[in-house]
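Have a look at the structure below before the remarks.
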Amino acid sequence: MFKYIILAILVINFIYDVVCALLSRARKDKPLPENVRDVYDEAQYKRWREYSAEGSKLSMIEGIFSFVVMVALFATNIFSMTYNAMPGGEFIKSILLMVVYSLVLTVLSLPFGYIRTFKIEEKYGFNKSTVKTFVSDEIKNFIIGTVVNCLLLAAAYLLCRNMTWIRYLIFVAIGCVFVIAINMLATFVQKIFNKFTSLPEGELRDALTEMFSAEGYQLEDIYVMDASRRTTKVNAYCGGIGKTKRIVLYDNLVNNYTPGEIAAVFAHELAHFKNRDTAKLTAFSIFNVTVMISLISLFALVPEISMDYGFEGANMAFALIALMSAVMSPIMTLIGLPINIMSRYFERRADTFAVTKGYGCDMISALKKLSKDNLVDLNPHPFIVAMSHNHPTLSQRIALVEEKLQGEK
């Protein structure tokens, strides 16, 4: 019975992805909102449509391929057969099963990642990565992901056997600490992939430092990340704990945007810290982890789930694989609905704060340039926005900023 339930979840999730893809494709024939029609000229808009079409086609092929692979795996007892063929005891076999599964998925995804990076992204001028860098990144991602999964498996193995409320609460606590640790170690992990240098003294550094200081924050440093080694796309972010913050700018941003536009982006980021938006979203991440841990515990309490796949009893490695590959995706989509609504509210409030700091016009200019440089969809389908977007659309953000600017006159 449980095998059919998991297969049904895979089918439902695939149908959802297909519906979203079809809605997105149909939306591309609709006229753009008036306030974003100047983002692309005719040639650039044609380029975006071609870029979007090629990316969507590859994603659809990859989605179909992944669906076929997942159905083939979860319709058979291949997991238990692989597990039984492994050397060692129960725990070693479970670790090896997790590693082999991760390796297989990584290898199967490599052709799609290669085509996306060196065919599509390079064709449209985004990719600056070499094959050596691409392979290095894949190896690093595999190692990091495998270590994380094995740590989670070890915790599940130790705490979910003979499950009690105390063990469950300990598991939840470990998950919460893990989420917080990931946020704290984010910069360290990023340094594995990129180089960071301090932003030189000048108008931009002074403006950002003064802005954050006026709100009671201290800047640990302002870093420039060598994103141009891999892409021409533009981004920036701000992180840190307590009152000490660090700013990270893509070198593409520093080299191509005005100090006012960059300051507008970080007035927006400053609002997130001022309103504790990051902490609130972290709390939701902790809630998501709690849901996942609860499901892992359920698998431990219902050994028939694993036994349906040929295991002799509850198997923690299979539980994690089934959850991450099939069960969690639709659950996270549903849980994400209220989180995305709240996140879009946070973004609107942050845009409003940037206007009050005097960066309204710079904000509009920055948003349009970011969208143009990243070839953003200017008119996504409302259903897709509601289901998966954590930011309002560009048109909605510009309309809000213009409304606030008008109100200040």
| message | On a heavy-atom basis, which atom in Arg344 and which in Val385 lie closest, and how many Å separate them? | response | NH1-O, 2.9 Å
| task | Indicate yes or no for a side-chain donor-acceptor contact from Ser365 to the backbone of Cys361 under 3.5 Å, with no hydrogens or angles considered. | result | no
| field | SB check Asp41 Lys372 (cutoff 4.0 Å) | value | no
| note | When every non-hydrogen atom of Val265 is compared with those of Met363, the smallest separation belongs to N-SD, 4.4 Å
| query | Centre of Phe353's six-membered ring, under 6.0 Å away, within 45 degrees of the axis: is that where NZ or CZ of Lys274 sits? | reply | no
| field | Check: Ile92 and Met86 side chains under 4.5 Å, non-hydrogen atoms | value | no
| request: Would you please say whether a donor-acceptor pair under 3.5 Å links the side chains of Lys132 and Ser136? | output: no
| field | Pair Lys46 + Glu42, salt bridge at N-O below 4.0 Å | value | no
| task | Would you mind telling me which of Phe79, Tyr83, Tyr101 makes a ring-ring contact (aromatic ring centres under 6.0 Å, His included) with Phe318? | result | Phe79
| message | Give me the atom names and distance for the closest heavy-atom approach of Ala264 to Ala354. | response | O-CB, 4.0 Å
| said: Testing Glu210, Glu269, Glu215 one by one against Lys357 for a salt bridge (charged side-chain N to carboxylate O under 4.0 Å, His left out), which residue passes? | reply: Glu215
| Angle class for the Tyr309/Phe74 ring planes (parallel below 30°, perpendicular above 60°, tilted otherwise)? | perpendicular
| query | Does any N or O in the side chain of Asn379 come within less than 3.5 Å of the main-chain N or O of Leu32, such that one atom is a donor and the other an acceptor? | reply | no
| said: Which label fits Phe134 and Tyr114: parallel for a plane angle under 30°, tilted from 30 to 60°, or perpendicular past 60°? | reply: perpendicular
| query | Can you tell me how far the OG atom of Ser66 sits from the CG atom of Asp17, to the nearest 0.5 Å? | reply | 9.5 Å
| task | Answer yes if the ring centres of Trp48 and Tyr51 are under 6.0 angstrom apart, and no otherwise. | result | no
| message | Could you check whether any side-chain heavy atom of Pro380 comes within less than 4.5 Å of a side-chain heavy atom of His389, counting everything from C-beta outward? | response | yes
| Where the side chain of Ser109 meets the backbone of Thr106, is there a donor-acceptor pair that is under 3.5 Å apart? | yes
| query | Looking only at heavy atoms, which two atoms of Ser102 and Thr146 are closest? And how far apart? | reply | CB-OG1, 4.2 Å
| task | Could you tell me whether the side chain of Arg348 and the main chain of Pro392 form a donor-acceptor pair under 3.5 Å? | result | no
| query | Do you see a donor-acceptor pair shorter than 3.5 Å between the side chains of Asp351 and His268? | reply | yes
| task | Compare every heavy atom of Ser24 with every heavy atom of Ile384, then report the nearest pair and how far apart it is. | result | CD1-CB, 3.8 Å
| task | Apply salt bridge (Lys or Arg N to Asp or Glu O under 4.0 Å) to the pair Asp362 and Lys369, showing each step before the final yes or no. | result | CA-CA 10 Å; Asp362 285 316; Lys369 286 175 72 172; over 6 Å; no
| query | Between Tyr359 and Glu261, is any side-chain donor less than 3.5 angstrom from a side-chain acceptor? | reply | no
| task | Return yes if some donor-acceptor pair links the side-chain N/O of Ser395 with the main-chain N/O of Val36 below 3.5 Å, else return no. | result | no
| query | Hey, are the side chains of Asn252 and Asp373 touching, using non-hydrogen atoms and a 4.5 Å cut-off? | reply | no
| said: Any non-hydrogen side-chain atom of Tyr40 less than 4.5 Å from a side-chain atom of Leu375? | reply: yes
| task | Would you give the length of the straight line joining atom NZ of Lys57 to atom OG of Ser52, rounded to the nearest 0.5 angstrom? | result | 13.5 Å
| Side chain Thr76, main chain Leu73, donor-acceptor under 3.5 Å | yes
| query | Less than 4.0 Å between a side-chain N and a carboxylate O, is that true for Asp377 and Arg27? | reply | no
| Rounded distance [0.5 Å steps], CG in Leu96 versus SG in Cys150 | 8.5 Å
| request: Over all heavy atoms of both residues, which pair between Ile9 and Pro330 is shortest? Give the atoms and the distance, please. | output: CG2-CG, 3.6 Å
| Does any non-hydrogen side-chain atom of Asn275 lie less than 4.5 Å from one of Phe346? | no
| Do Leu249 and Met225 come close enough that some side-chain heavy atom pair is under 4.5 Å? | no
| Does any non-hydrogen side-chain atom of Leu153 lie less than 4.5 Å from one of Ile95? | yes
| message | Please report the interatomic distance NZ(Lys195) to CG(Asp226), rounded to the nearest 0.5 Å. | response | 7.0 Å
| task | Side-chain contact test, heavy atoms from C-beta onward, threshold under 4.5 Å: evaluate it for Glu54 versus Lys123 and give yes or no. | result | yes
| said: Taking Asp137's backbone N and O only, do any of them form a donor-acceptor pair with Asn141's side chain (distance below 3.5 Å, no angle check)? | reply: yes
| query | Between the main-chain N or O of Phe2 and the side-chain N or O of Asp308, is there a donor-acceptor pair closer than 3.5 Å? | reply | yes
| request: Calculate, to the nearest 0.5 Å, the distance between atoms OG and CG belonging to Ser343 and Asn390 respectively. | output: 4.5 Å
| Say you draw a straight line from CG of Leu270 to OH of Tyr217; how long is it, rounded to the nearest 0.5 Å? | 6.5 Å
